[in-house]
> 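Once you've had a glance at the structure underneath, I'll fire off some questions.
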Amino acid sequence: MNNKSRGENIRRQILRDIRYHPSDIVRHIAEIYTITPQAVHNHIRKLVNEERIITTGSRKGKRYFLGDVRSNQAMFNLNENPDEFKIWKDHFSYLADGIDKNVYDICEYGFTEIVNNAIDHSESEDVWITFSRTSTDLNICVIDSGEGIFRRIRRLCNLADNRESLLELSKGKFTTDPDNHSGEGIFFNSRAFDSFSIDSKGLDFSHNHERPLDKLDDSIFHDEDDFGTMVYMRIARDSTRTLNEVYEAFGSGPDEYQFSKTIIPVRLARYDNDNLVSRSQAKRLLSGLDKFEYITLDFDKVPTIGQAFSDQIFRVYQQAHPEKKITATNMSPEVENMAKRSKPTT
């Protein structure tokens, strides 16, 4: 190990242990690494300059505490059946100490949901987690070395393309393990955080609360061999969003947390620049929606649709499911005219 790596390890150890050794951290670290107290002081001075540590008192009364800027990273062996909540409490929750409760709750929820997904679904041998707290944001990143979320969904659901997996995820309530999971975790996380992304095997899905549309692009940072799945979540420290607000936005009433509403980006049913013209495309778009009471179809970025596609949605499906409340938004004049032609006259 070179001097730079050793120094980084020492400083990480200081940050991990300072909560338990506020008054004797210098002696504690010196004994672990067999270095002089002066060497430890040099590392502490660097951390103070970076606002990662603050000090009170002087000389023998000097005490050290975590500063406002905090971070930790660690790898966990998934073959040892780790507990995601224990990982959170023992290794990362302290990073969010002092943050407003609504933001803390979102971080706890997002962290435990995504780490649990890695434990239960990734078939990876390990998971690498980083959590950083800056002066403005909290950032969580979870990386596994498994098959990859989009490939897994495609394989288990016999889909034609990895991109089709995102269409299923975007609906919410999708899971490859319905006996043990509701399928709501990724959907609600993507709405709770300011920024949420899944980078897996060359594809990058992202949702940003400032942008009306989810995005699916080829990954510009990673290729298909880099890792299994990387999930990144960011939320501003001063966010006023609450989990209850997110639940209520997709529930059937202000006091009901039943996940009964979904918004489907219709454009995700397209491959490349293919037009949406066939009944099979419409059936793929509508599959799995029997779980919802309220369905909103978002036609943004869809300039036209074919008669068969429109008829399958607005006449055939609606007549077969009269209890469903289907609405459409962001329709171009061409799409709106086709939809009107397809709806049965009364």
Side-chain angles (χ1 to χ4, degrees), residues 12 71-93 95-96 106-132 138-157 159 161-170 172 174-193 195-207 214-235:
R12 276 198 294 269
S71 65
N72 190 23
Q73 53 188 328
M75 181 176 288
F76 300 90
N77 186 337
L78 298 186
N79 294 322
E80 297 175 354
N81 297 314
D83 181 301
E84 68 274 6
F85 190 73
K86 184 173 175 58
I87 291 175
W88 164 256
K89 293 301 293 183
D90 292 352
H91 299 274
F92 294 96
S93 63
L95 300 174
I106 288 173
C107 288
E108 180 182 68
Y109 170 74
F111 182 101
T112 54
E113 281 284 338
I114 298 304
V115 173
N116 178 259
N117 279 349
I119 293 171
D120 287 355
H121 301 308
S122 71
E123 299 182 6
S124 173
E125 293 187 355
D126 48 51
V127 61
W128 177 256
I129 305 170
T130 65
F131 190 160
S132 65
L138 293 107
N139 305 272
I140 302 170
C141 185
V142 180
I143 304 174
D144 67 61
S145 55
E147 176 181 18
I149 185 172
F150 302 132
R151 286 186 179 181
R152 177 179 173 82
I153 293 173
R154 182 192 68 181
R155 175 174 59 81
L156 295 179
C157 298
L159 303 178
D161 186 89
N162 286 343
R163 293 169 183 267
E164 203 171 319
S165 303
L166 178 63
L167 177 59
E168 299 305 316
L169 283 176
S170 72
F174 176 84
T175 177
T176 57
D177 184 12
D179 290 338
N180 298 301
H181 290 267
S182 68
E184 300 176 5
I186 287 178
F187 183 90
F188 280 126
N189 269 311
S190 69
R191 270 62 185 173
F193 284 84
S195 179
F196 178 93
S197 67
I198 304 175
D199 196 324
S200 180
K201 300 300 182 182
L203 290 178
D204 180 43
F205 159 74
S206 62
H207 177 88
D214 294 343
K215 289 181 63 178
L216 179 67
D217 295 307
D218 293 328
S219 175
I220 61 175
F221 299 110
H222 307 102
D223 60 33
E224 294 189 7
D225 299 320
D226 279 352
F227 47 75
T229 301
M230 179 179 75
V231 179
Y232 169 76
M233 298 167 279
R234 178 188 63 80
I235 187 167

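The structure displayed is predicted, hence computed values, not measured ones.
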> I'd like to check Ile235 versus Cys107 (side-chain heavy atoms, cut-off strictly below 4.5 Å). Are they in contact?
yes
> Taking C-beta and beyond as the side chain, do Ile140 and Thr130 meet within less than 4.5 Å on heavy atoms?
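Answer no - side chains too far apart.
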> Applying side chain to side chain contact (heavy atoms under 4.5 Å, CB included), run through Thr229 and Asp199 and close with a yes or a no.
CA-CA 6 Å; Thr229 301; Asp199 196 324; over 6 Å; no
> Less than 4.5 Å apart, side chain to side chain, heavy atoms only: is that true for Glu125 and Asn79?
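The answer is yes, as the side chains (C-beta and beyond) meet within the 4.5 Å cut-off.
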> Are Leu95 and Ser71 side-chain neighbours, meaning at least one heavy-atom pair lies under 4.5 Å?
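They are not in side-chain contact.
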> Are any of the side-chain nitrogens in Arg152 or Glu123 under 4.0 Å away from the carboxylate oxygens of its partner?
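Glu123 and Arg152: salt-bridged.
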> Among Ile119, Val115, Asp126, Val127, which one satisfies side chain to side chain contact (heavy atoms under 4.5 Å, CB included) with Phe76?
Val127
> Check whether any side-chain heavy atom of Asn72 sits under 4.5 Å from a side-chain heavy atom of Phe131, and report yes or no.
no
> With sequence neighbours excluded, what pairs up with Tyr232 under the ring pair (Phe, Tyr, Trp, His ring centres under 6.0 Å) test?
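By the ring pair (Phe, Tyr, Trp, His ring centres under 6.0 Å) rule, Tyr232 matches no residue at all.
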> Would you say the side chain of Asn117 lies within less than 4.5 Å of the side chain of Ser122, judging by non-hydrogen atoms?
no
> Apply salt bridge (charged side-chain N to carboxylate O under 4.0 Å, His left out) to Glu147 and Lys201, showing your working.
CA-CA 8 Å; Glu147 176 181 18; Lys201 300 300 182 182; over 6 Å; no
> A side-chain contact here means heavy atoms from C-beta on lying under 4.5 Å apart; do Arg12 and Gln73 qualify?
yes
> Do Asn116 and Asp120 have side-chain heavy atoms sitting under 4.5 Å apart?
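Of all side-chain heavy-atom pairs linking Asp120 with Asn116, at least one is under 4.5 Å.
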> Got a second to check how far Trp88's CH2 is from Phe111's CZ, nearest 0.5 Å?
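So the gap between those two atoms works out to 6.5 Å.
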